[in-house]
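Starting from 1, each residue takes its place in the sequence as its number.
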Amino acid sequence: YACPATLNEAVALLASHGGEAKALAGGQSLMAMMAFRMARPAHLVDINGVAELGRVSQAGDTLSIGAVVRHAAFHRPAATGQMGRLLATVVRHIAHYPIRTRGTFCGSIAHADPAAEMPGIAVTCDAEIAATGAKGSRTIRADDFFPEKAWRVLAASGYIGSDPYTGLPGVTRLSEDTWAVTSQLA
């Protein structure tokens, strides 16, 4: 277990342990995976002390969300315009308030759970994911980040106006504009 103070230190720690280390921000997905033995990292790198990862900033139409920004940061619009309103609306559907005070937007993206709200938002809004590692930084389109096309279609379906997905295995319509995904399509 390590608690770096800078992004460079966090990247170096993760790289030094190869695939045996995991970054820890909110822990809402990772800790559950560890409890069920779905993930067994030999090392945890707690990035909560990295100040630059706790920021939300907006430049024009671009919204940048740091890796330790909690879902609760979006209870009120954290940005101007449609994106701020969208995130403020969607965040209320994520679990319950105690989970939203610990869980992070980027953790939701990183774990790519098809039942989660934020990956669907990322795909639907053509988000770009900034990844930093030992070999440098790169930007990945959300549509390329999530591996299964069927998953991407299902994740996005809850956030578009039409209803072409009713009747698909694992998809249940809850209301006029809300679907529940109960299984992955491979």
- Item | Heavy-atom closest contact (I47 atom, A67 atom, distance) | CD1-CB, 4.0 Å
- CE-CG distance between M83 and D61, expressed to the nearest 0.5 angstrom: 9.0 Å
- hydrophobic_cluster_shared for L87 and V69, side chain cutoff 4.5 Å: yes
- Query: Roughly how far, to the nearest 0.5 Å, is the OG atom of S108 from the CD1 atom of I94?
  - Reply: 6.0 Å
- What distance do I65 atom CD1 and Q58 atom CD have between them, rounded to the nearest 0.5 Å? 10.5 Å
- Message: With rounding to the nearest 0.5 angstrom, report the OG to NE2 distance, S16 to H43.
- Response: 7.5 Å
- Message: With a 4.5 Å cut-off on side-chain heavy atoms, are D143 and D126 touching?
- Response: no
- Is there a side-chain contact between M34 and L44 (heavy atoms, below 4.5 Å)? yes
- Heavy-atom pair of closest approach, residues T104 and G26: CG2-N, 3.7 Å
- Message: Starting from Y1, can I reach L14 by hopping between I/L/V/M/F/W/Y residues whose side chains sit under 4.5 Å apart?
- Response: no
- Task: Locate the shortest heavy-atom distance separating R55 from E52; write the atom from each residue and the value.
- Result: NH1-CA, 3.0 Å
- Message: Distance check, rounded to the nearest 0.5 Å: T132 atom OG1 versus L7 atom CG?
- Response: 5.5 Å
- Which heavy atom in A21 sits nearest to a heavy atom in H17, and how many Å separate them? CB-CB, 3.6 Å
- Indicate yes or no for a side-chain donor-acceptor contact from N48 to the backbone of A25 under 3.5 Å, with no hydrogens or angles considered. yes
- Rounded to the nearest 0.5 Å, how far does NE2 of H111 lie from OG of S29? 5.0 Å
- Task: Using a 4.5 Å cut-off on heavy atoms from C-beta on, say whether the side chain of E128 contacts that of I140.
- Result: no
- Query: H75 versus V91: any side-chain heavy-atom pair under 4.5 Å?
  - Reply: yes
- V123 side chain reached by F145 side chain, heavy atoms, under 4.5 Å: no
- Message: When you measure from the side chain of R100 to the backbone of R70, do you find a donor-acceptor pair of N or O atoms at a distance under 3.5 Å?
- Response: no
- Counting distance only, does the side-chain N/O of T101 pair as donor-acceptor with the main-chain N or O of P98 below 3.5 Å? yes
- Task: Grab the two heavy atoms, one from V50 and one from P4, that are nearest each other, plus how far apart they are.
- Result: CG2-O, 3.7 Å
- Item | Heavy-atom closest contact (A122 atom, I109 atom, distance) | CB-CD1, 3.7 Å
- Item | Minimum side-chain heavy-atom gap L24-V45 below 4.5 Å | no
- With a 4.5 Å heavy-atom cut-off, do C125 and L86 have their side chains touching? yes
- Taking side chain as C-beta onward, heavy atoms only, is V56 less than 4.5 Å from F105? no
